[in-house]
Enquirer: 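Sharing a structure with you now.
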2 protein chains.
Amino acid sequence: MDAIDRIILGELLRDGRLSFRDLAARVRLSPTATAERVRRLADAGVISGFHAEVDLAALGRPLKAFIDVRLRPGSDHAELEAGLLSLPAVLSGVHVTGRWDYTLTVACRDVAELDELVMALPRSYGVIETNTRLQLRELHGSGVEALCALVEPK
Amino acid sequence: MDAIDRIILGELLRDGRLSFRDLAARVRLSPTATAERVRRLADAGVISGFHAEVDLAALGRPLKAFIDVRLRPGSDHAELEAGLLSLPAVLSGVHVTGRWDYTLTVACRDVAELDELVMALPRSYGVIETNTRLQLRELHGSGVEALCALVEPK
DNA sequence: TGTGAAAGATACGAATA
DNA sequence: TATTCGTATCTTTCACA
C-alpha cells in the first residue's frame, strides 16, 4: 500500500460515492488505474465495504447509551449473544476484558425505552449484572476524521 | 419516511455504492424517482453521508481497546478533548455519564503501543485516571446488520 | 411524487506499453 | 501497473402527469 492508496482511502472515507473520475483527478491517475487500485484494496480486505451513514436521531432514536453486562457463568454464550443483538435498540456488542463481559451500544427512542431494555436484560438474556452509561456527547472529530488522519500520508 | 424510504436506507446501508438504477429496481420505481428520494433523505439529514469501511487490522492496527478516562476537575475540557482526539491511535471519544468522563476508542499496532498510550495520557492530557478494556471480539451482526433491522419495514 | 426520453458523464473491457 | 480508446451503462435534467 503506497501513498496513492492512502490518499484513495482517505477520499473514500470522506465520500464513499466519489466517482472514479473525480478520485482519479485527486491522485493524478487515469480513472481505470484508480478503479483497479480500489478493486485491489477491496480484494486485500483493506476496504471492507461502502455504507450509507444514517442519523439515528433523525430516525427517532436520539438516546445513545452503552450497557456493560455480565452473563451467568456456564451459560451458552453464543446463544445469549445472538439474543442480545436481536434486540431492536442494540446496535452492536463487543466481548471485552475486565469486570464486564460485554459492552452493548444501544440507541433508544427515550429513557423509558432504555429503562425497559435495561430491566429486560436480566430477565431474559442470561444477564446477571448491568452498568449503563448514557452518551452525553460525541467528541468533534470522532469517526471519519480520525480514520483519515490514520490512513493519509503525511 | 415511508416503507420505500426504509428499503432504500437498508440497501444503502449494505452497499453505499449501489447505483440508482439497481436501487430503483429493488424498490420498483424509476431511477429518477429513486435518486430524488435519496436526495431528500440526505437533505433531511437521515442520511448523513457515505463512507468506505476500512479494516483496521489490515492497516496494521489489529488491537482495539476502550479507554475510560477521568479528567482533572476545573481544566479546559474543550482543549483536552482536542488533544485526546489528535492522538493517532484514538478513533473516537464520547462524553458519558457515570464514574468516567470519557470513553475513548483506540486502535493500536500492538500492546506496546497501547501501553505507551495509556501511560502517556496522565502525563500530557489532563487525565487523572484511566481504565482500559481490550476488545476481544465483536459480536457477529454488530454494525450494519443491526442498523438494517432498525430501518427496514417489517 | 411520479414517469420517460435524451444528453452528458461515468464505468468497463481490451489492447498495449 | 499504467495508459488510451471504444462501447455499454449510468446519472441528471427536463417536460409533463
Side-chain angles (χ1 to χ4, degrees), chain A residues 1-61 144 147-154, chain B residues 1-61 144 147-154:
Chain A
M1 247 220 344
D2 60 14
I4 294 183
D5 283 336
R6 291 183 167 274
I7 297 175
I8 289 175
L9 276 181
E11 296 295 324
L12 290 178
L13 277 169
R14 290 203 188 77
D15 180 3
R17 280 183 84 90
L18 208 54
S19 71
F20 290 126
R21 178 183 167 278
D22 291 349
L23 189 54
R26 177 73 184 77
V27 297
R28 297 168 164 280
L29 284 180
S30 68
T32 309
T34 308
E36 173 64 13
R37 276 173 181 264
V38 172
R39 195 192 58 72
R40 281 199 298 266
L41 286 168
D43 281 356
V46 177
I47 295 177
S48 48
F50 294 90
H51 309 284
E53 179 186 12
V54 302
D55 182 341
L56 289 161
L59 283 173
R61 296 183 170 269
V144 170
L147 282 169
C148 286
L150 211 57
V151 302
E152 283 170 350
K154 300 115 300 260
Chain B
M1 246 222 343
D2 60 13
I4 293 183
D5 282 337
R6 293 184 167 274
I7 297 176
I8 288 175
L9 276 181
E11 295 296 323
L12 289 179
L13 278 169
R14 291 203 187 78
D15 180 4
R17 279 183 85 89
L18 207 55
S19 72
F20 290 125
R21 180 182 169 279
D22 291 348
L23 189 54
R26 177 70 184 76
V27 297
R28 298 168 163 279
L29 284 180
S30 67
T32 306
T34 308
E36 174 64 13
R37 275 174 180 264
V38 172
R39 194 192 60 71
R40 281 199 299 267
L41 286 168
D43 282 355
V46 177
I47 294 177
S48 48
F50 294 89
H51 309 284
E53 180 187 10
V54 302
D55 182 340
L56 289 161
L59 284 173
R61 297 184 170 270
V144 170
L147 281 169
C148 286
L150 211 55
V151 303
E152 283 171 347
K154 298 114 303 253

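Within every chain, numbering begins at 1; the chains are lettered A, B, ... in the order of the sequence lines, protein sequences first and strands thereafter.
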Enquirer: Between atom CZ in Arg28(A) and atom C1' in dT1(D), what is the gap in whole Å?
Expert: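 Checked: the CZ to C1' distance equals 19 Å.
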
Enquirer: For the pair His51(B) (side chain) and Leu13(A) (backbone), establish whether a donor and an acceptor sit closer than 3.5 Å, ignoring hydrogens and angles.
Expert: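 Pair found, side chain donor or acceptor close to backbone of Leu13(A).
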
Enquirer: Once you apply a heavy-atom cut-off of 4.0 Å, does Arg39(A) come out as touching a base, just sugar-phosphate, or nothing?
Expert: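 No contact at all - Arg39(A) keeps every heavy atom at 4.0 Å or more from the nucleic acid.
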
Enquirer: Of all the nucleotides listed (dA2(D), dT1(C), dT12(D)), which has the minimum atom distance to the side chain of Thr32(B)?
Expert: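 Selected nucleotide (nearest to the side chain): dT12(D).
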
Enquirer: Which is more 5' along DNA chain D, the nucleotide nearest Pro31(A) or the one nearest Pro31(B)? Just name the residue.
Expert: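 Mapping each residue to its closest nucleotide by heavy atoms, the 5'-most match is Pro31(A).
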
Enquirer: First locate atom CD of Glu11(A), then atom CD1 of Ile8(A), and finally report the distance between them rounded to the nearest 0.5 Å.
Expert: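 CD1 of Ile8(A) is found 9.5 Å from CD of Glu11(A).
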
Enquirer: Nearest-Å distance, CD (Glu36(B)) to C1' (dC10(D))?
Expert: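 Glu36(B) atom CD is separated from dC10(D) atom C1' by 18 Å.
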
Enquirer: Are Arg26(A) and Asp22(A) within salt-bridge range, i.e. N to O under 4.0 Å?
Expert: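 Between Asp22(A) and Arg26(A) there is no salt bridge, as every charged N stays at least 4.0 Å from the carboxylate O atoms.
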
Enquirer: For Arg6(B) and Met1(B), indicate whether the former's side chain and the latter's backbone hold a donor-acceptor pair under 3.5 Å.
Expert: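 No: the side chain of Arg6(B) does not pair with the backbone of Met1(B).
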
Enquirer: With nearest nucleotide decided by heavy atoms, which residue, Ala35(A) or Asp2(B), maps closer to the 5′ end of DNA chain C?
Expert: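 Of the two residues, Asp2(B) wins.
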
Enquirer: Taking atom P of dT4(D) as reference, at what distance in whole Å does atom CG of Leu29(A) sit?
Expert: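 Whole-Å distance recorded here is 11 Å.
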
Enquirer: Whether the side chain of Arg17(B) engages the backbone of Leu18(A) through a donor-acceptor N/O pair (distance < 3.5 Å, no angle test) should be reported.
Expert: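 Confirmed, Arg17(B) side chain pairs with Leu18(A) backbone.
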
Enquirer: Return the residues of residues 3-24 of chain B meeting this criterion: a heavy atom under 4.0 Å from some atom of DNA chain D. Order them by number, or give none.
Expert: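 By residue number: Ser19(B), Phe20(B), Arg21(B).
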
Enquirer: Any side-chain to backbone donor/acceptor pair from Thr34(B) onto Phe20(B)? Under 3.5 Å, distance only.
Expert: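 A pair under 3.5 Å: no.
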
